[in-house]
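Reading through the structure tokens given below for one structure.
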Amino acid sequence: MEGSLRSFDKRQKAVRRKHMRMARGYVTKIDSNNLIHQRPDNKVGGIGLRFLFLLALAFLGFKTLIFAGLGPEPYAERVSQLQLGSHFEQAGAWLMYPDPITVILAGLIAPLLG
């Protein structure tokens with residue numbers, strides 16, 4: 001009796017999992033016997049990888065513009081002031097630390113800023 005209950009619970013969990021996935025979208029297909037099958041769509045949920053990449057690229061552009069606008073010495077002074085602050089400011093200092101890509105891109109756009 002216990003084995004059949006365990007088997008029933010397993011099938012029930014599989015059906016619930018499938019229905020939860022189908023609630024996010026499904027694809028309807030007709031097979032060779034003209035039977036209609038609905039399967040969960042394989043879309044990736046949540047925040048997409050493309051969005052995270054664009055967010056990181058925008059942050060890099062923001063950091064590059066600030067670095068090019070201020071210059072290396074004033075930028076380093078402001079980052080060092082952030083390192084002395086609270087935990088949030090220290091995290092911001094770690095993020096704003098000038099990496100090699102930022103320095104190279106700032107060197108390229110600094111003449112354009114005037």
Side-chain angles (χ1 to χ4, degrees):
M1 184 75 174
E2 187 176 320
S4 62
L5 283 176
R6 198 174 311 130
S7 176
F8 175 75
D9 285 339
K10 185 178 177 182
R11 289 192 316 267
Q12 185 181 19
K13 286 180 185 178
V15 168
R16 284 186 184 178
R17 218 178 6 250
K18 183 178 179 183
H19 284 211
M20 292 298 291
R21 287 179 52 212
M22 288 179 71
R24 287 184 251 134
Y26 59 90
V27 177
T28 304
K29 293 188 178 185
I30 300 176
D31 67 2
S32 60
N33 296 330
N34 290 331
L35 292 175
I36 299 172
H37 293 281
Q38 292 178 333
R39 295 185 181 185
D41 197 6
N42 291 332
K43 289 187 259 184
V44 177
I47 297 177
L49 188 59
R50 184 184 314 171
F51 175 73
L52 292 176
F53 177 73
L54 290 175
L55 187 65
L57 194 64
F59 180 73
L60 181 68
F62 171 73
K63 189 166 72 165
T64 301
L65 284 174
I66 291 176
F67 188 84
L70 291 176
E73 291 82 19
Y75 186 84
E77 289 175 13
R78 291 180 187 223
V79 170
S80 65
Q81 287 175 355
L82 283 175
Q83 290 173 343
L84 302 175
S86 68
H87 293 294
F88 292 112
E89 290 173 340
Q90 290 173 4
W94 182 77
L95 288 173
M96 295 302 287
Y97 189 78
D99 55 281
I101 296 173
T102 302
V103 174
I104 291 170
L105 291 175
L108 293 175
I109 66 168
L112 300 174
L113 293 178

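Residues: numbered from 1 along the sequence shown.
Closest of all the heavy-atom pairs between L113 and A68 is CD1-CB, 3.7 Å. Across every non-hydrogen atom of P98 and V103, the tightest pair is CB-CG2, 4.2 Å. Taking all atoms of both residues into account, the shortest heavy-atom contact from R39 to M22 is C-CG, 4.5 Å.
For I109, the CD1 atom sits in a packed shell: over 12 heavy atoms of surrounding residues, nucleotides or ligands are nearer than 6.0 Å. The environment of NE2 in H37 is crowded: more than 12 heavy-atom neighbours from other residues, nucleotides or ligands sit within 6.0 Å. Around the CG atom of L52, the shell of radius 6.0 Å holds more than 12 heavy atoms that belong to other residues, nucleotides or ligands.
With Q90 contributing its side chain and G85 its backbone, the two residues share a donor-acceptor pair below 3.5 Å.
The list of salt bridge (charged side-chain N to carboxylate O under 4.0 Å, His left out) pairs with a residue in residues 100-114, not counting sequence neighbours, is empty. Sorted by first and then second residue, the salt bridge (charged side-chain N to carboxylate O under 4.0 Å, His left out) pairs involving residues 95-114 (not counting sequence neighbours) are K63-D99. Evaluation of the side-chain hydrogen bond (donor to acceptor under 3.5 Å, both in side chains) test over residues 69-79, restricted to residues two or more places apart or in two chains, returns none. Applying the salt bridge (charged side-chain N to carboxylate O under 4.0 Å, His left out) definition to pairs two or more places apart or across chains, none involves residues 26-37. Applying the side-chain hydrogen bond (donor to acceptor under 3.5 Å, both in side chains) definition to pairs two or more places apart or across chains, those involving residues 5-18 are E2-R6, S7-R11.
The CZ atom of F67 sits 10.0 Å away from the OH atom of Y97 when rounded to the nearest 0.5 Å. Separating the CD atom in E89 from the CG atom in L82 is a distance of 6.0 Å, to the nearest 0.5 Å.
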How far apart are the C-alpha atoms of M96 and F59, what are their side-chain angles, what is the distance that settles it, and do they pass the side chain to side chain contact (heavy atoms under 4.5 Å, CB included) test? CA-CA 9 Å; M96 295 302 287; F59 180 73; 3.6 Å; yes
Decide side chain to side chain contact (heavy atoms under 4.5 Å, CB included) for L60 and T64; before the verdict, give the C-alpha distance in whole Å, the side-chain angles of both, and the deciding distance to 0.1 Å. CA-CA 6 Å; L60 181 68; T64 301; 4.3 Å; yes
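Both V79 and L70 are part of a single hydrophobic cluster, where members link through side-chain heavy atoms under 4.5 Å apart. Taking hydrophobic clusters as Ile, Leu, Val, Met, Phe, Trp and Tyr residues chained together by side-chain heavy-atom distances below 4.5 Å, W94 shares a cluster with I66.
Summarising the hydrophobic clusters (Ile, Leu, Val, Met, Phe, Trp, Tyr; side-chain heavy atoms under 4.5 Å, direct or chained), the residues clustered with I30 are I36.
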